[in-house]
Every structure is written in C-alpha cells, then in structure tokens.
Amino acid sequence: MLIETNNEEKPAVSAKANTVVPKPQAKKRVFSGVQPTGNIHLGNYLGAIRNWVNAQAEFDNIFCIVDLHAITLPIDPKELHTNTRKLAALYLACGLDTHYCKLFVQSHVHQHAEMSWILNCFTPMGWLNRMTQFKSKAESDLDSVDTGLYCYPVLMACDILLYQTHYVPVGDDQRQHLELTRDIAQRFNSTYKQNVFTIPEAQIREMGARIMSLDDPTKKMSKSESNPNSRISLLDDPKTIKQKVARATTDSQRLIAFDPERPGITNLLTIYQTLTRQSQQEIEQEFAGKGYGDFKAALTERLVEALTPIQQRYNELISDLPTLESILKQGADEVRPIAEATLQQVKQVIGLLQYPQNGS
Ligand code: TYM
C-alpha cells in the first residue's frame with residue numbers, strides 16, 4: 001500500500017441531490033535541496049531554485065538545506081552555521097513562500113540520518129562505485145576521502161524517500177543521483193513486496209539545467225571552484241557582475257549564435273535565454289551584426305535586473321535572524337511527522353519494530 005502523506009479529504013456527499021462531489025485532487029509532493037557550502041550561484045538559481053519558485057503553487061513542497069551533505073567534505077564550523085542561515089534567507093529572497101513550502105534544515109530532522117544507515121544496508125557498493133560525482137569530488141585521493149562522501153547519494157535518496165516525494169526539481173548534474181534513488185526504492189519495495197516508498201521522478205527543465213563555468217565553459221559552474229570569476233554569485237553587486245561577464249571566455253569569432261562547438265558564447269547565450277525566456281532565433285536576431293561587447297552589456301543588464309530585487313530582500317531577511325530561525329523551526333516541526341511515518345513503516349517491514357501478528 002502506498003503511504004499517502006497528504007491529508008486527502010473523503011468525497012463529500014451533497015445532502016440535496018445525494019450525489020458525490022468530487023474530492024479535491026491532492027497536490028503532488030515536491031522535494032529538493034541545496035548544500036550550504038558556499039556562494040550560491042547562478043547555476044543553483046537557474047537550474048533549481050527559480051524553478052521551485054515558479055511552480056510552488058502547483059505542488060506540496062518541501063525544500064531542505066542539506067547541512068549533513070555539507071560535512072562530507074571539510075568545512076569550517078562557523079562557516080557551515082552562517083551559510084545555513086544565509087541559504088535560508090536566499091530561499092525566501094528568491095521567492096519561496098512559506099504558504100506553499102516547508103523550509104527546514106536537514107540535521108534538524110534526525111530521521112534523515114537514521115534512515116540513511118538503514119538504506120546504506122540496502123545499497124550495493126557497485127551502485128555507489130558508479131557515481132561520477134563521487135569520483136570527481138574525491139579526485140585521485142580515493143583512499144583518504146571519508147566514507148560520508150561515498151555514501152552521500154544514499155543520504156540524498158533518504159531525503160527524497162522519507163517524504164514520499166513525487167517530483168525532485170534539480171539541475172542536470174543530479175540526474176544520476178535520482179536514478180540511484182529510484183533503484184534503491186524499487187529494490188526495497190520489491191524485497192519486501194510492499195510499496196513502502198513512492199518512486200520519485202527527476203524534474204530537470206530543458207533551459208538552465210546545466211550552466212557552465214564562465215572561465216572554462218567545458219565545466220559546470222560550481223560553488224567549490226577556486227576561481228570566483230568562474231561563477232556569478234547571487235549576491236554579486238552590479239560592478240562585480242559586469243567585470244565577470246566582461247572576462248567570461250568566448251572565442252575569436254564574431255557571430256553571436258548558439259553553437260555546441262562554441263561552448264563559451266553558447267553558455268552566455270543560454271544564461272541570457274533562461275533570463276529573458278526568448279527563443280534562440282529571437283536572441284540571434286536581436287544581436288545580428290552586433291559584437292560581443294553589445295551582447296555582454298545586455299547580458300549584464302539582465303543579470304543585474306534579475307538579481308537586484310533578490311539581494312534587496314536577502315539583506316532584509318538576513319538582518320532578522322530570529323524570524324529566520326523560527327521559519328526553519330516551524331518547517332522542521334511540520335516535516336518531522338511525515339519523515340517519522342515513513343521511518344516507522346521501514347522499521348516495521350525490516351523487523352526492527354514489533355512485527356504485526358496474523359490477524360492483529
Ligand atoms: P548542490 O548544492 O550542488 O546544487 C543545488 C542545486 O543546484 C543545481 N545546480 C546547477 N544547475 C544548473 N547549472 C549548474 N551549474 C548547477 N550547479 C548546481 C543542482 O543540480 C541542484 O539541483 N546533492 C544535491 C543536494 C541534495 C538534494 C537532495 C537535491 C541533497 N539531498 C535531495 C535534491 C533532493 C547537491 O549537492 O546540490
């Protein structure tokens with residue numbers, strides 16, 4: 001039986017005609033998260049957060065600040081604490097509304113860590129060995145990275161599965177982790193011949209799913225890249241944005257056109273397209289006969305236009321930490337019972353709790 005975590009109402013019977021009034025369709029559940037590991041950048045915004053904001057009224061949303069994932073690589077404790085609050089303020093500043101979304105910090109809901117141990121025991125090492133993100137983060141130092149980094153995708157699966165999630169809106173780099181989550185859920189369900197977990201689907205939008213680095217457009221834009229000029233941070237001021245766009249790698253050709261063989265200009269055009277929602281043809285026409293200077297000036301303008309209101313809201317929110325803390329506490333209090341219900345069911349089917357007797 002599927003666990004239905006939405007409080008669905010029973011169909012109401014109209015007294016007058018004794019007809020059944022159709023029950024309101026329960027909203028599908030969305031879950032996603034970001035690591036509080038540094039400068040939240042344009043890739044995080046266009047690939048994930050902006051899509052959450054745009055679709056929030058359609059779904060029953062849970063958005064998490066995944067601080068347990070952030071400790072899989074060395075991080076300064078003060079920085080982790082501050083980044084967590086900053087990310088909460090950014091979620092709200094980008095437009096997430098607590099009327100539609102529950103926002104919480106992963107470590108405030110202990111069920112994530114507990115479920116993670118259980119699902120580690122149901123995940124073959126061969127599956128984790130195939131995860132490309134682990135290999136790239138571990139670099140060549142496989143013997144000395146901590147086990148947490150290796151088991152990272154299992155914790156991510158727990159985040160999603162604890163809430164009986166239908167959709168997971170993420171950027172393209174999370175595709176493989178989502179496949180793994182589905183595999184773990186299907187394997188568990190079929191082992192116990194019960195639909196304990198809802199099988200989630202990745203929601204990866206075509207536009208903005210893979211924003212590339214400004215200095216090396218063959219790599220994705222990343223929080224951990226040492227060169228700050230490789231990314232536009234959501235909190236960059238207009239002058240910094242202008243400088244970073246001006247320095248962004250292009251090529252020696254003059255034509256402003258989308259072309260996979262020219263990753264630099266194509267990445268900048270993709271950012272422009274994601275911000276303006278124009279078609280590729282419209283953009284190419286707009287800049288026909290113009291140079292990189294004109295295009296980069298227009299891109300800077302669009303970026304400043306998009307980020308300035310976010311920064312203004314962010315500055316207000318971050319100056320009121322007690323309100324932020326109370327939003328996060330309320331979010332954790334609201335999601336904990338959902339996570340606990342799934343954890344209890346898992347514990348029951350694997351035999352950690354009293355096993356239901358025949359007929360009882
Ligand atoms: P993280 O913190 O690396 O990134 C957060 C979100 O931003 C997207 N993203 C990008 N999108 C487009 N272009 C880019 N250059 C770019 N860089 C990052 C990511 O795809 C992601 O959607 N493992 C996750 C966090 C996580 C999670 C979860 C996500 C933990 N548990 C459960 C969804 C559901 C991560 O490290 O994201």
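First listed ligand is number 1; within each ligand, the first listed atom is number 1. All residue numbers refer to positions in the sequence shown, counting from 1.
- Leu307 has its side chain within reach of Ile232: a pair of non-hydrogen atoms, C-beta onward, lies under 4.5 Å apart.
- The heavy atom nearest to atom 17 (N) of ligand 1, considering only Arg231, His41, Gln35, is found in His41.
- Counting atoms of ligand 1 from 1 in the listed order, those under 4.0 Å from a heavy atom of Ala209 are 11 (N), 12 (C), 13 (N).
- In this structure, atom 13 (N) of ligand 1 lies nearest to the protein heavy atom Ile211 N, 2.9 Å.
- Atom 7 (O) of ligand 1 has its closest protein heavy atom at Asn44 ND2, 3.1 Å.
- At the top of the distance list for atom 25 (C) of ligand 1, counting protein heavy atoms only, stands Gly33 O, 3.7 Å.
- Only the side chain of His69 comes within contact range of ligand 1, with a heavy atom under 4.0 Å; no backbone atom does.
- Residue contacts with ligand 1 do not include Met212, since none of its heavy atoms lies under 4.0 Å from the ligand.
- Between Asp159 and ligand 1, a contact under 3.5 Å exists for at least one N or O pair.
- Looking only at protein heavy atoms, the nearest one to atom 37 (O) of ligand 1 is Gln174 NE2, 3.9 Å.
- Of all the heavy atoms of Val66, the ones lying under 4.0 Å from any atom of ligand 1 belong exclusively to the side chain.
- Note on Asp60 versus Lys102: salt bridge recorded, some NZ/NE/NH1/NH2 to OD/OE distance being below 4.0 Å.
- Here is the list of ligand 1 atoms found below 4.0 Å of a heavy atom in Arg210: 12 (C), 13 (N).
- The closest approach between any non-hydrogen atom of Gln133 and ligand 1 is not below 4.0 Å.
- In this structure, the side chain to side chain donor-acceptor pair (under 3.5 Å) partners of Asp215, at least two apart in sequence or on a different chain, are Ser213, Asn227.
- By the 6.0 Å contact criterion, NZ on Lys242 is open, its count of non-hydrogen atoms from other residues, nucleotides or ligands being 12 or less.
- If you look at His177 and Tyr152, their ring centroids are closer than 6.0 Å.
- Among all protein heavy atoms, the one lying closest to atom 20 (O) of ligand 1 is Asp173 OD1, 2.4 Å.
- Protein heavy atom nearest atom 1 (P) of ligand 1, with residue, atom name and distance: Lys223 NZ, 3.6 Å.
- At least one donor-acceptor pair closer than 3.5 Å links the side chain of Gln106 to the backbone N or O of Asp67.
- A salt bridge links Glu305 to Arg302: at least one charged side-chain nitrogen sits closer than 4.0 Å to a carboxylate oxygen.
- In terms of protein heavy-atom proximity, atom 35 (C) of ligand 1 is nearest to Tyr152 OH, 3.4 Å.
- Taking distance alone, with nitrogen or oxygen atoms compared against 3.5 Å, Val34 stays at or beyond that limit from ligand 1.
- In terms of N/O distances under 3.5 Å, ligand 1 is approached by Gly171.
- Considering only non-hydrogen protein atoms, atom 33 (C) of ligand 1 sits nearest to Ser32 OG, 3.5 Å.
- When each atom of ligand 1 is checked for a heavy atom of Ile160 under 4.0 Å away, the hits are 32 (C), 34 (C).
- Atoms of ligand 1 lying under 4.0 Å from any heavy atom of Gly47, numbered from 1 in the order shown and given with element: 11 (N), 12 (C).
- Using a 4.0 Å cut-off between a side-chain N of Lys or Arg and a carboxylate O of Asp or Glu, Arg85 and Glu325 qualify as a salt bridge.
- Side-chain atoms of Arg175 do not come within 3.5 Å of backbone N or O of Ile204 as any donor-acceptor pair.
- Screening residues 111-124 for side chain to side chain donor-acceptor pair (under 3.5 Å), with sequence neighbours left out, gives Gln111-Glu340, His112-Asp159, His112-Tyr163, Glu114-Lys347.
- Side-chain N or O atoms of Trp52 include none that pairs as donor or acceptor with a backbone N or O of Leu96 at under 3.5 Å.
- Under the 4.5 Å side-chain criterion, counting only non-hydrogen atoms from C-beta, Asp236 is not in contact with Leu303.
- One hydrophobic cluster, built from ILVMFWY side chains closer than 4.5 Å, cannot hold both Ile310 and Tyr100; they sit in different ones.
- Note on ligand 1: Gly208 sits in its first shell, one or more heavy atoms being nearer than 4.0 Å.
- A salt bridge links Asp333 and Lys329; the closest N-O separation between the charged side-chain nitrogens and carboxylate oxygens is under 4.0 Å.
- With no hydrogens or angles considered, a side-chain donor-acceptor pair links Glu334 and Gln330 at under 3.5 Å.
- Between Lys220 and ligand 1, no pair of N/O atoms sits closer than 3.5 Å.
- Atoms of ligand 1 found under 4.0 Å from any heavy atom of Val168, numbered from 1 in the order shown, are 33 (C), 34 (C).
- Heavy-atom proximity to Ala48, at under 4.0 Å, picks out these atoms of ligand 1: 6 (C), 7 (O), 22 (O).
- Between Gly43 and ligand 1, at least one N/O pair is under 3.5 Å apart.
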